[in-house]
S.K.: 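Dropping a structure here in structure tokens format, bear with me for questions.
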Amino acid sequence: MIRRKTVRLNETLRLFWKDNPELYHKMLEARVQRLWGELFGPSVARHTSNVYVKNRVLHVSMTSSVMRSELMAMRKHLVVTLNEHAGSDVIDDVMIR
């Protein structure tokens with residue numbers, strides 16, 4: 001199929017994400033999981049054993065009880081920071097175990 005009109009890549013991606021919102025949301029969830037270790041530093045990443053998103057809640061398993069209690073105290077800040085860096089309202093809460 002020959003196309004006569006060129007289309008910019010960003011326009012093509014925007015149309016793809018618009019047609020597939022569930023894939024877009026999954027991509028944002030993966031971005032939040034990746035951002036967890038990048039935003040909060042290597043010490044938090046080192047003590048994190050499992051990170052996943054389920055029902056708009058970020059579940060994080062920590063190996064350090066001290067770090068877990070510190071992060072629990074700043075849960076709202078974590079949600080705001082992660083959503084801000086993800087570029088969308090991806091998660092509503094953080095559950096740290």
S.K.: Partners of His59 by ring pair (Phe, Tyr, Trp, His ring centres under 6.0 Å), sequence neighbours excluded?
M.R.: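 His59 satisfies ring pair (Phe, Tyr, Trp, His ring centres under 6.0 Å) with Tyr52 only.
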S.K.: Apply salt bridge (Lys or Arg N to Asp or Glu O under 4.0 Å) to Glu70 and list each qualifying residue two or more places apart in sequence or on a separate chain.
M.R.: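 Glu70: no salt bridge (Lys or Arg N to Asp or Glu O under 4.0 Å) contacts found.
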S.K.: Looking at side-chain heavy atoms only, is the closest gap between Leu35 and Phe40 below 4.5 Å?
M.R.: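 No; the side chains remain at least 4.5 Å from each other.
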S.K.: Would you say Val60 and Met95 make side-chain contact, with heavy atoms under 4.5 Å?
M.R.: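 No, their side chains stay 4.5 Å or more apart.
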S.K.: Would you check, one step at a time, whether the test side-chain contact (heavy atoms from CB on, under 4.5 Å) holds for Trp36 with Val44?
M.R.: CA-CA 8 Å; Trp36 176 260; Val44 172; 3.8 Å; yes
S.K.: Under 4.0 Å between a side-chain nitrogen and a carboxylate oxygen: does that hold for Lys26 and Glu29?
M.R.: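 Salt bridge: yes.
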S.K.: Going by the rule side-chain hydrogen bond (donor to acceptor under 3.5 Å, both in side chains), which residues pair with Gln33 if we only count those two or more places apart in sequence or in a different chain?
M.R.: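 Counting only residues at least two positions away or on another chain, Gln33 forms no side-chain hydrogen bond (donor to acceptor under 3.5 Å, both in side chains).
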S.K.: Side chain of His25, backbone of Pro21: donor and acceptor closer than 3.5 Å?
M.R.: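 Looks like no, no N/O pair under 3.5 Å.
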S.K.: Name all residues meeting the salt bridge (Lys or Arg N to Asp or Glu O under 4.0 Å) criterion together with Arg31; count only those two or more places apart in sequence or in a different chain, and write none if there are none.
M.R.: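 With sequence neighbours excluded, Arg31 shows a salt bridge (Lys or Arg N to Asp or Glu O under 4.0 Å) to no residue whatsoever.
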S.K.: So, taking the atom named CE in Met67 and the one named NE2 in His47, what distance separates them when rounded to the nearest 0.5 Å?
M.R.: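 Interatomic distance, Met67 CE to His47 NE2, rounded to 0.5 Å: 4.5 Å.
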S.K.: Would the number of heavy atoms belonging to other residues, nucleotides or ligands and lying under 6.0 Å from CG of Asp19 be above 12?
M.R.: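 Counting neighbours around CG of Asp19, more than 12 heavy atoms of other residues, nucleotides or ligands fall under 6.0 Å, so yes.
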S.K.: Would you say that Leu15 contacts Leu13 through its side chain, given a criterion of any heavy-atom pair below 4.5 Å between the two side chains?
M.R.: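 Sidechains of Leu13 and Leu15: no contact.
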S.K.: Under 3.5 Å, is there a donor-acceptor pair between the side chain of Arg56 and the main chain of Asp89?
M.R.: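 Yes, Arg56 side chain to Asp89 backbone: donor-acceptor pair under 3.5 Å.
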S.K.: Quick one: pull up CZ in Arg14 and CG in Asn10 and give me the separation to the nearest 0.5 Å.
M.R.: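 CG of Asn10 is found 8.5 Å from CZ of Arg14.
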S.K.: I need the Met74 CE to Leu71 CG distance, nearest 0.5 Å.
M.R.: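 Separation between the atoms: 6.0 Å.
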S.K.: Please check if Leu39 and Val57 belong to a single hydrophobic cluster, counting links between Ile, Leu, Val, Met, Phe, Trp and Tyr side chain heavy atoms closer than 4.5 Å.
M.R.: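 No, separate clusters.
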S.K.: Measure from the side-chain N and O atoms of Asn83 to the backbone N and O of Val90, and report whether any donor-acceptor pair falls under 3.5 Å.
M.R.: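 It does hold such a pair.
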S.K.: Heavy-atom distance under 4.5 Å between the side chains of Trp17 and Thr12, does that happen here?
M.R.: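 Sidechains of Thr12 and Trp17: no contact.
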S.K.: Would you give the length of the straight line joining atom OG of Ser69 to atom CE of Met72, rounded to the nearest 0.5 angstrom?
M.R.: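 Output value for this atom pair is 9.5 Å.
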S.K.: What heavy-atom pair brings Gly37 and Ala45 nearest, and what distance separates the two atoms?
M.R.: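 Shortest heavy-atom contact: CA-CB, 4.0 Å.
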S.K.: Would you please name every residue forming a side-chain hydrogen bond (donor to acceptor under 3.5 Å, both in side chains) with Arg75, sequence neighbours left out?
M.R.: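 Applying side-chain hydrogen bond (donor to acceptor under 3.5 Å, both in side chains) to Arg75 gives Asp93.
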S.K.: List the steps, then state whether side-chain contact (heavy atoms from CB on, under 4.5 Å) holds for Asp92 with Val79.
M.R.: CA-CA 7 Å; Asp92 295 329; Val79 170; 6.0 Å; no
S.K.: To the nearest 0.5 Å, how far apart are CD1 in Ile96 and CZ in Arg68?
M.R.: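 Answer rounded to 0.5 Å: 9.0 Å.
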S.K.: Treat each ILVMFWY residue as a node, draw an edge where side-chain heavy atoms are under 4.5 Å apart, and state whether Met27 and Leu9 are in one component.
M.R.: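 Yes, because Met27 and Leu9 connect within a single hydrophobic cluster, where side-chain heavy atoms sit under 4.5 Å apart.
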S.K.: Please identify each residue that fulfils salt bridge (Lys or Arg N to Asp or Glu O under 4.0 Å) with Glu22, with sequence neighbours left out.
M.R.: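 Expected list: none.
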S.K.: Could you tell me whether a side-chain N or O of Ser61 sits under 3.5 Å from a main-chain N or O of Ser49, the two making a donor and an acceptor?
M.R.: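 Not confirmed, Ser61 side chain does not pair with Ser49 backbone.
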S.K.: Is there a side-chain contact (heavy atoms from CB on, under 4.5 Å) between Val80 and Leu78 once you walk through the steps?
M.R.: CA-CA 6 Å; Val80 170; Leu78 297 174; over 6 Å; no
S.K.: Please name the pair of heavy atoms, one in Ser88 and one in Leu28, separated by the smallest distance, quoted to 0.1 Å.
M.R.: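 Heavy atoms only, the tightest pair is CB-CD1, 3.7 Å.
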